[in-house]
Asker: 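I have a structure I would like to understand better, so I am pasting it below and will then ask my questions one at a time.
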Amino acid sequence: MKYEPVIGLEVHAQLQTKTKIFCGCETKFGDEANTRTCPVCIGMPGVLPVLNRTAVEYTIKTGLATHGSINPSSRFARKNYFYPDLPKGYQISQFELPLCEKGYVEIVVDGEVKRIKLTRIHLEEDAGKNLHQSGGGASLVDLNRAGTPLMEIVSEPDIRSSEEASEYLKKLRSILRYIGVSDADMEKGNFRCDANVSLRPAGSKEYGTRAEIKNVNSFKFVQRAIDYEIKRQAQILEGGGRVVQETRLFDSEKGVTFSMRSKEEAHDYRYFPEPDLVPVAIPLERVEEIRKTIPELPDAKRERFARQYGLPEHDADMLTQTRALADYFEEAAKLSGQPKAASNWMMGELARLLNADGKDIEVCAITPAMIAGMLKLIDGGVISTKIAKTVFEEMYRSGKDAGAVVKEQGLVQVSDSGVIEQIIGDVMKANPGQVADYRAGKDKLLGFFVGQVMKASKGKANPDMVNELLKKMLSE
Amino acid sequence: MKITKQEVEHVARLARLEFPEQEQERLTDQLSKILTFMETLNGLDTTGVAPTSHVLDIRNVMRDDEPVACLTQEAALANAPDKAAGHYRVPKIIE
């Protein structure tokens with residue numbers, strides 16, 4: 001039987017506020033253990049939490065940026081469980097009436113736009129950090145992180161493959177960064193993802209039993225964990241077995257998921273309204289003010305890039321992944337008047353060089369003006385596209401513009417027909433056999449001659465002219 | 001409303017509470033009485049009454065995102081029954 005994966009993702013994104021959600025402790029990390037705490041975030045008796053206005057507004061901003069509706073009245077709830085990193089014995093979270101509900105995020109899969117619906121976005125506090133000492137029979141707890149504001153973003157089970165899951169996460173991260181509410185850095189643990197995965201017979205409307213994969217900490221691992229889970233569940237179902245509802249963890253070294261604990265009792269959280277916090281009811285005017293602070297978002301930018309610059313969906317999607325990349329492209333497109341060529345160079349050579357160095361566009365030595373300058377040299381026939389690649393690499397390394405690189409390295413394209421004819425003559429003289437074969441009808445040898453001539457000219461001969469002159473001289 | 005002894009045991013376990021057998025029976029009886037008493041409230045007609053989120057009729061109590069001083073590590077750990085290397089020390093968390 002063919003099975004269809006049904007996937008829903010829960011993302012925890014750390015908000016980049018200056019202070020914690022319920023107290024004025026700074027949310028700074030890498031500090032010495034237990035130096036960023038106060039009686040509120042370490043759960044001393046008799047203290048009262050006071051809500052951070054910026055954390056609420058960032059969550060509302062995220063809700064608006066993902067087309068959600070903001071609840072006119074929202075409240076907090078206690079989620080009760082015991083764990084050493086949770087000093088109060090409960091986490092202040094939201095249950096009924098979250099800040100935002102019913103939004104969506106658009107992703108591009110195989111050139112098609114697909115909408116992933118969001119169930120809700122709520123605000124909650126993070127827990128501390130446990131350190132497990134090897135041996136010694138004890139664990140250590142650092143509460144610096146306890147009380148850091150987290151936004152939980154819950155998707156509907158609209159995702160159908162690990163690729164879609166990865167695209168969704170990338171888009172979400174991109175939105176959070178565009179609107180400046182979270183740096184959404186997965187490696188730093190500021191953007192964590194739980195995946196609910198189930199299978200159902202293709203075409204069926206009912207959902208199968210799901211497993212929840214917890215805390216996977218990179219985009220690559222999310223994809224691999226989901227792929228493994230799909231395979232695992234398919235094997236169980238094909239063998240006539242039953243998938244158990246449980247929480248699983250991903251072992252990135254072995255590439256497998258494994259059962260963590262039975263979920264039944266662990267999930268009896270006995271939520272109840274938080275008596276220490278009053279309801280939040282942000283006035284509509286304030287919501288509208290927040291809406292005005294949202295810049296053009298990746299989806300709108302992607303559509304505009306496709307429309308205004310005639311870029312394919314895929315290119316438009318790639319170029320709008322970060323604001324810096326999108327701004328860079330627009331500048332290069334404007335200065336060169338050649339958006340398609342600028343996009344091709346950015347997505348090809350530039351992406352390749354940056355990837356190899358693990359660098360971002362923000363620190364790139366090539367400016368948009370330098371791309372425009374190089375495109376003008378190609379357009380004017382000064383350099384060939386092939387030479388341009390060499391020029392581009394040198395620009396990337398030295399930070400010099402195309403004109404300077406071409407001059408320094410003598411890379412000007414040879415478009416003098418006399419010079420090219422002479423090179424062709426030499427190549428023909430050196431390869432009499434191939435000349436005879438070509439003349440006897442082996443047309444395919446033209447490629448060989450082009451290659452030889454380009455090589456002899458150190459890649460500088462104008463390729464169009466080489467082609468034309470070769471055909472002429474070989475048939476004489 | 002009746003609550004079973006099993007339910008009382010379950011809730012006690014979730015709350016990390018332990019009771020002797022006799023106490024459990026007494027609590028089961030008392031909790032059942034409390035729940036029965038609460039049922040009286042269900043007799044009220046609450047059509048058109050907004051659910052109460054909080055006993056105080058105020059909303060939007062918030063503070064600005066401005067840092068204030070934290071406790072020193074020494075002060076933070078002063079009440080900890082056990083500590084090591086600037087951390088709270090707890091029984092090993094099983095993995």
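Worth knowing before you read on, the calculation uses all heavy atoms, side chains too, and leaves out hydrogens, waters and symmetry mates. All chains are named by letter (A, B, ...) in the order of the sequence lines, taking the proteins before the strands, and each is independently numbered beginning at 1.
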Asker: Given a strict heavy-atom distance threshold of 4.5 Å, which part of A/D142 is in contact with chain B: side chain, backbone, both, or neither?
Answerer: both

Asker: Report yes or no: does A/N34 contribute a side-chain atom to a donor-acceptor pair with the main-chain N or O of B/Q73 at less than 3.5 Å?
Answerer: no

Asker: By a 4.5 Å heavy-atom criterion (distance strictly below it), what part of A/F76 contacts chain B: side chain, backbone, both, or neither?
Answerer: neither

Asker: Measuring heavy-atom distances to chain A, does B/N79 have an atom under 4.5 Å in its side chain, in its backbone, in both, or in neither?
Answerer: side chain

Asker: What's the shortest heavy-atom distance between B/P67 and A/E26, and which atoms?
Answerer: CB-CG, 3.5 Å

Asker: So which of A/T37, A/N52, A/I282, A/T17 has the largest heavy-atom pair count under 4.5 angstrom toward chain B?
Answerer: A/N52

Asker: Please give me the minimum heavy-atom distance between B/G86 and A/A33, naming the atom from each residue.
Answerer: O-CB, 3.7 Å

Asker: Check A/D85, A/L140, A/L143 against B/Y88 for a side-chain contact (heavy atoms from CB on, under 4.5 Å) and give me the one that passes.
Answerer: A/L143

Asker: Take atom CD of B/E18 as the centre, draw a 6.0 Å sphere, and report whether it contains more than 12 heavy atoms from other residues, nucleotides or ligands.
Answerer: no

Asker: Between A/C41 and chain B, which part of the residue has a heavy atom less than 4.5 Å away: side chain, backbone, both or neither?
Answerer: neither

Asker: Select one option (side chain, backbone, both, neither) describing which atoms of A/E96 are under 4.5 Å from chain B's heavy atoms.
Answerer: neither

Asker: Kindly give the heavy-atom pair with the smallest separation between B/A15 and A/R270, and that separation in Å.
Answerer: N-NH1, 4.3 Å

Asker: Can you name the nearest heavy-atom pair linking A/T19 to B/E66, along with the distance?
Answerer: CG2-C, 3.4 Å

Asker: Around B/D57, counting heavy atoms of other residues, nucleotides and ligands shown, do more than 12 lie under 6.0 Å from its CG?
Answerer: no

Asker: Among B/L56, B/D82, B/D64, B/T72, which has the most heavy-atom pairs under 4.5 Å with chain A?
Answerer: B/D64

Asker: Considering all heavy atoms of both residues, which atom of A/V278 and which atom of B/I58 are nearest to each other, and what is their separation?
Answerer: CB-O, 3.4 Å

Asker: Quick one: which of A/C25, A/P283, A/C23, A/G128 has the most heavy-atom pairs under 4.5 Å with chain B, could you say?
Answerer: A/C23

Asker: Please flag which part of A/P39 lies under 4.5 Å from any non-hydrogen atom of chain B: side chain, backbone, both or neither.
Answerer: both

Asker: Using a strict cut-off of less than 4.0 Å between a Lys/Arg side-chain nitrogen and an Asp/Glu carboxylate oxygen, indicate whether B/D65 and A/R53 qualify as a salt bridge.
Answerer: no

Asker: Name the member of A/L97, A/T27, A/L277, A/V56 that forms the most heavy-atom pairs with chain B at distances under 4.5 Å.
Answerer: A/L277

Asker: Near B/E39 CD, under 6.0 Å, is it more than 12 heavy atoms from other residues, nucleotides or ligands?
Answerer: yes

Asker: What residue, out of A/A55, A/S73, A/P273, A/P275, has the most heavy-atom pairs lying under 4.5 Å from chain B?
Answerer: A/P275

Asker: Would a distance-only check, ignoring hydrogens and angles, find a side-chain to backbone donor-acceptor pair under 3.5 Å from B/R63 to A/V50?
Answerer: yes

Asker: Within the supplied structure, the quantity of interest is the number of heavy atoms (other residues, nucleotides, ligands) at a distance under 6.0 Å from B/E74 CD; does it exceed 12?
Answerer: no

Asker: What part of A/P84 gets within 4.5 angstrom of chain B, counting heavy atoms only: side chain, backbone, both, or neither?
Answerer: side chain

Asker: For A/L48, is it the side chain, the backbone, both, or neither that has a heavy atom closer than 4.5 Å to a heavy atom of chain B?
Answerer: neither

Asker: Rounded to the nearest 0.5 Å, what separation is found between the CZ atom of A/F82 and the CG atom of B/L14?
Answerer: 9.0 Å

Asker: Minimum heavy-atom separation for B/R59 and A/A281, please, with both atom names.
Answerer: CD-CB, 3.8 Å

